[in-house]
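This report refers to the structure that appears directly beneath it.
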Amino acid sequence: VRIHKNELARAIIKVGMDNPSLGIKKISTMRPVAQVSGEAVIRPAGGDIPGTLSFFENGKRQVYQVPDWMYRESVTLMQAFNNPMVNFIGSLNGISRAAFTTLSPAFVVSNILNDSIAAFVKAGVLPWETGQAIIRSLKGITNDKTMQSFRLAGGYQARFFGKDLAEEAVKTGGRIFDGKESFLKQIADVIPAAGEIGEQAPRVKAFEKYLNKNLPNWRLMTPEQIAATPQGRKAAAEGVNATINFGRSAYLVKAANPMIIFLSANMEAVKLPFRALKNSAAARWRLAGVGAGITGLTAYNLSYPEYLDIPDNIRWGSVVVMLPSKDVDQYGNAKPNYLTIIPRTREWAMFLGPLAYGMERLFADVPTEFGKFATTMAPMLSPISEIPAAPIIQEMFAQRANWDFYRSTEIVPSELEAKPPAEQVMPWVSPTIAAIAERFNISPLRAQHAFNGLLGGTGRAFTSVADWITELISPPEIDP
């Protein structure tokens, strides 16, 4: 623990010293501790000195005075090393966090589309501008002048994807980019790289918009010159705040974040729309425009009776467009056929979900009761929607109670509970998971819930590929 804390402090100071504007300076710890025969006795001060960071180098303690914000953030980081239980839970959460975000193709797409809403409402970044930034970034993030300026100005923070510069500095002794990665490593980095590009695209466009307005000649400047200006630093802050800036979380939230997965991100997501609406009249008008579009889209979707057969959490928590039905169920009713434009509207569902529900109440023959609407929306909007514990512990509680705490429904429906475990299966269960579960005589429904609960989108991507390969090798039999 002490070694890691020492390396962390050294890395922070080493990176910070590259920016003279931070005012980091080395100080002496020698302090008078007594008077002997009229002369002061000087001794080095023990313990941590508020407002400073220290580390040992060549056996000697080095102490540096740092800005208040850097001291607070460093103390928060180092707190995580002090509690072995927090470290253990954080390690467990790290597996699921990577599966839910960094390695999940579904999350990459969902995050890009959701961030496009936030960037449009907060900073006026249009969706196609985000698309343009993504295309430009495909040429290489590290070689893009705008991205270099954004990074140097402090904008490359509070994100799901990309390397943590301080962490890389600790690992490599200050060498962050060496350009020497194996071919297999480059293949493994495809999904994280795509996520990084998509996550930074709306922020960089917001950065550009601010510079265009407040530093018109910025394109004639070098990245270092841009980052050194007050406008450049302000533009970087505007870019980060265009989407979820979970670096703004309070101390207690940051301290609890290793134990409660995505707590910081969820807490800031809840606050993001209200900050946008409070600080900008333009943001209020833009959100009103989005709301008007959702209202019209829902009216169109309701022209298809099968629209109400779409699961509630998708109708109210996503943006979908109905398409003509191509299939019917066993009773001859049309099955819903729809295109998902935005898989999860997340924090914006608190504004868009009620509009969709209100339209259903006005025009649907049998609208959903408000109580069900409220219980469906609550988990999607609450920063702590489930048991505040590591996913593996949440899953243990869920399996014990036979209850999906996120969707507020049974894992194994009551009509299947009396059947043998291997026969507890529904059409939506992955054939791969069903085959494995039946092999070990466990419930396929419970197995799929556990698999998805622990591995998220990465797990679903794996089973989708496995199911596709299985279907190619052994096509399902069709009853005449």
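In this structure, Ser280 OG and Leu287 CG are separated by 11.0 Å, a value rounded to the nearest 0.5 Å. In this structure, CG on Leu277 lies 10.5 Å from CZ on Arg286, to the nearest 0.5 angstrom. Atom-to-atom distance recorded for Ile442:CD1 and Ile436:CD1 is 9.0 Å, nearest 0.5 angstrom. Once rounded to the nearest 0.5 Å, the distance linking CD of Glu199 with CD1 of Ile134 reads 11.5 Å. The distance from the OG1 atom of Thr295 to the CG atom of Leu352 is 9.0 Å, given to the nearest 0.5 Å. A distance of 11.5 Å separates OG in Ser443 from NZ in Lys419, rounded to the nearest 0.5 Å.
Counting heavy atoms from C-beta outward, Ile294 and Val319 have side chains that approach closer than 4.5 Å. Side-chain contact check for Trp348 versus Val290: every heavy-atom pair is 4.5 Å or farther apart. Using a 4.5 Å heavy-atom cutoff, the side chains of Leu302 and Glu360 are in contact. The shortest distance between side-chain heavy atoms of Tyr338 and Ile314 falls below 4.5 Å. Using a 4.5 Å cut-off on side-chain heavy atoms (C-beta onward), Leu355 and Thr298 make no contact. The closest side-chain heavy-atom distance from Asn212 to Trp218 is below 4.5 Å. Within the 4.5 Å cutoff, the side chain of Trp403 has heavy atoms near those of the Glu410 side chain. In this structure, the side chains of Val412 and His449 stay at 4.5 Å or more apart for every pair of heavy atoms.
The closest donor-acceptor contact from the side chain of Thr375 to the backbone of Gly371 lies under 3.5 Å. Distance alone, capped at 3.5 Å, places no donor-acceptor pair between the Asn114 side chain and the Ser110 backbone. Side-chain N or O atoms of Asn301 include one that pairs as donor or acceptor with a backbone N or O of Val320 at under 3.5 Å. Side-chain atoms of Glu423 never come within 3.5 Å of backbone atoms of Pro420 as a donor-acceptor pair (strictly under, hydrogens ignored). Although no hydrogens or angles enter the test, the distance criterion places no donor-acceptor pair under 3.5 Å between the side chain of Tyr300 and the main chain of Val321.
Screening Arg136, Lys145, Lys213 for a salt bridge (Lys or Arg N to Asp or Glu O under 4.0 Å) with Glu208, the sole residue that qualifies is Arg136. None of Lys122, Arg203, Arg346, Lys205 except one satisfies the salt bridge (Lys or Arg N to Asp or Glu O under 4.0 Å) rule with Asp115; the exception is Arg346.
Across Ala447 and Ala437, no two heavy atoms sit closer than the pair CB-CB, 4.1 Å. Between Ala153 and Ala227, the shortest heavy-atom distance links the atoms N-CB, 3.6 Å. Across all non-hydrogen atoms, the minimal contact from Ala236 to Phe207 is N-CD1, 3.4 Å. When all heavy atoms of Ser325 and Asn337 are compared, the pair lying nearest together is CA-CB, 4.0 Å. The two residues Asp312 and Thr368 make their nearest non-hydrogen contact at OD1-OG1, 4.3 Å. Of all the heavy atoms in Pro444 and Ile433, the pair that sits closest is O-CG2, 4.1 Å.
Classified by interplanar angle (parallel below 30°, tilted 30° to 60°, perpendicular above 60°), the ring pair Phe274/Phe351 is tilted. Classified by interplanar angle (parallel below 30°, tilted 30° to 60°, perpendicular above 60°), the ring pair Phe373/Phe370 is tilted.
When only modelled atom types and interatomic distance are considered, Arg446 and Gln424 share no side-chain donor-acceptor pair under 3.5 Å. A donor and an acceptor atom, one from each side chain of Asn313 and Arg344, are nowhere located under 3.5 Å apart.
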- Show your reasoning for whether side-chain contact (heavy atoms from CB on, under 4.5 Å) applies to Leu113 and Ile341. CA-CA 8 Å; Leu113 295 174; Ile341 304 299; 6.0 Å; no
- Task: Step by step, work out the side-chain contact (heavy atoms from CB on, under 4.5 Å) result for Ile226 and Leu152.
- Result: CA-CA 9 Å; Ile226 296 169; Leu152 289 172; over 6 Å; no
- Query: Can you check side-chain contact (heavy atoms from CB on, under 4.5 Å) on Arg151 and Gln200, steps first, answer last?
  - Reply: CA-CA 10 Å; Arg151 185 194 289 265; Gln200 295 303 322; over 6 Å; no
- Residue pair Arg275, Asn241: steps toward the side-chain contact (heavy atoms from CB on, under 4.5 Å) verdict: CA-CA 10 Å; Arg275 284 174 174 156; Asn241 288 323; over 6 Å; no
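Counting heavy atoms of neighbouring residues, nucleotides and ligands inside a 6.0 Å radius, atom CE of Met426 exceeds 12 of them. Remark: Glu369 CD is loosely packed, at most 12 non-hydrogen atoms of other residues, nucleotides or ligands lying under 6.0 Å away. The neighbour count for Lys234 NZ, taken as heavy atoms of other residues, nucleotides or ligands under 6.0 Å away, does not exceed 12.
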